[in-house]
Amino acid sequence: MPELPEVQTVVNSLKNKLIGRTIISIENPNGYLNVFHKLSIKDFNNYITTKIIKNIKRIGKYIIIELNDGFISIHLRMTGKLLFNESYKKKHISAKFLFEKNNYLIFDDVRKFGRIYYSENLSWLNEKIGIDPLSVNFSQEWLHKKLSYRKRMIKSLLFDQSFIAGLGNIYIDESLWKSKIHPLTIASKLSKNDVKKLHNAIVNILKKAIKFQGTTIINFYFDKNKKGNYGEKLYVYGRNNMNCLRCNEIITKIVVSQRGTHICYNCQKQK
DNA sequence: ACGAATGTTGCGGG
DNA sequence: ACCCGCAACATTCG
């Protein structure tokens, strides 16, 4: 269930394995239709067969495979995993890419929410997706300006991928705890200092999480079943009924935007 | 045993 | 604009 750091970790681990490969074909061994969005497996093959992988990168939570002509974009959603030349069980395979010399890439996805797109360019994605929180353009000033007129609660706004692209439930809870902001606070009510702390928290937490190769709760793996190690660095996410690591009060779990939300009522006072 | 919850997103309705 | 409920799906937990 990857967010930005997990997606970046997958991209980093696949880079050396995929660049330079020639695509022979893509198969869907279990016949799932929704994986390719609106395209049929036949059309998808027509688009990508014989093409060469030039680069692989991340945009928001999307994995972008740049071909010599066109792009494959992959969203892992909740349980998607990409396995290069690893043994696998057929049961939950959404797709299998075949490359030269019997190399292959498996898209394993228990819940089948994951999607694979083909497009000539990335304009559809760039139009749909917001700022990357690790880009230089994501500044305190930018964030303050953008939050100053928004009437939504901050957590639901941070969830909005057309606003900021890459945050999800874990890193939102962590960022709000770090900056001592209550998730239900209306965005425009945040002070300049709140926004400064929030901005710092987001950037620092994401960078650190990438350094630790993401968070594995249950399903996130990359490479040969490697887990992310940021789980042990979490301050609030998943710590319901445990002590706050800053003030020692008890962490509470509530529901915000239909998602489990972990807060310290003592540290994160609602405005 | 069965309902709830899981790291995501998209859509329809008010 | 913004919020909510639900849907897509499988598995695990209490």
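All values below were derived from every heavy atom in this structure, side-chain atoms included, with hydrogens, water molecules and symmetry-related copies excluded. Throughout, protein chains are lettered first and strands after them, A, B, ... in sequence-line order, and every chain is numbered starting at 1.
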Dot-bracket for DNA chain B, 5' to 3', Watson-Crick and G-U pairs with both distances under 3.5 Å, [ ] for crossing pairs, | for partner on another strand, reads .|||||.|||||||
With sequence neighbours left out, the residues meeting side chain to side chain donor-acceptor pair (under 3.5 Å) with A:Thr261 are A:Lys155
Across all chains, not counting sequence neighbours, the side chain to side chain donor-acceptor pair (under 3.5 Å) partners of A:Gln140 are none
Would you tabulate the side-chain donor-acceptor contacts of residues 157-166 of chain A under 3.5 Å, counting partners in other chains and residues two or more places apart, or write 'none'?
{"from": "A:Asp160", "atom 1": "OD1", "to": "A:Ser162", "atom 2": "N", "distance (Å)": "2.9"}
{"from": "A:Asp160", "atom 1": "OD1", "to": "A:Ser162", "atom 2": "OG", "distance (Å)": "2.6"}
{"from": "A:Asp160", "atom 1": "OD2", "to": "A:Arg152", "atom 2": "NH1", "distance (Å)": "2.9"}
{"from": "A:Gln161", "atom 1": "OE1", "to": "A:Gly166", "atom 2": "N", "distance (Å)": "2.9"}
{"from": "A:Gln161", "atom 1": "NE2", "to": "A:Phe159", "atom 2": "O", "distance (Å)": "3.1"}
{"from": "A:Gln161", "atom 1": "NE2", "to": "A:Leu167", "atom 2": "O", "distance (Å)": "2.9"}

Check residues 208-217 of chain A and write down every donor-acceptor pair under 3.5 Å in which the side-chain atom is one partner and the other belongs to a residue at least two apart or another chain.
{"from": "A:Thr215", "atom 1": "OG1", "to": "A:Tyr171", "atom 2": "OH", "distance (Å)": "2.7"}
{"from": "A:Thr216", "atom 1": "OG1", "to": "A:Phe220", "atom 2": "O", "distance (Å)": "2.8"}
{"from": "A:Thr216", "atom 1": "OG1", "to": "A:Gly228", "atom 2": "N", "distance (Å)": "2.7"}

Contacts of A:Tyr118 meeting side chain to side chain donor-acceptor pair (under 3.5 Å) (sequence neighbours excluded), chain-then-number -> A:Lys51, A:Glu120
Quick tally for nucleotides 4-14 of chain C: nucleotides whose base has a protein heavy atom under 4.0 Å get B, sugar-phosphate-only ones S, the rest -, giving SBB-BBBS---
Expected list for residues 163-172 of chain A near DNA chain B, using heavy atoms below 4.0 Å, is A:Gly168, A:Asn169, A:Ile170
Which protein N or O atoms sit under 3.5 Å from an N or O of nucleotides 11-14 of chain B?
none

A:Asn248 meets the side chain to side chain donor-acceptor pair (under 3.5 Å) criterion, sequence neighbours left out, with A:Asn243
Ring pair (Phe, Tyr, Trp, His ring centres under 6.0 Å) filter on A:His199, not counting sequence neighbours, yields A:Phe138
Residue pairs passing the side-chain hydrogen bond (donor to acceptor under 3.5 Å, both in side chains) test with at least one member in residues 71-80 of chain A, sequence neighbours excluded, are A:Thr79-A:Asp109
| field | Contact under 4.0 Å: A:Arg152 side-chain N or O vs C:dA1 OP1/OP2 | value | no
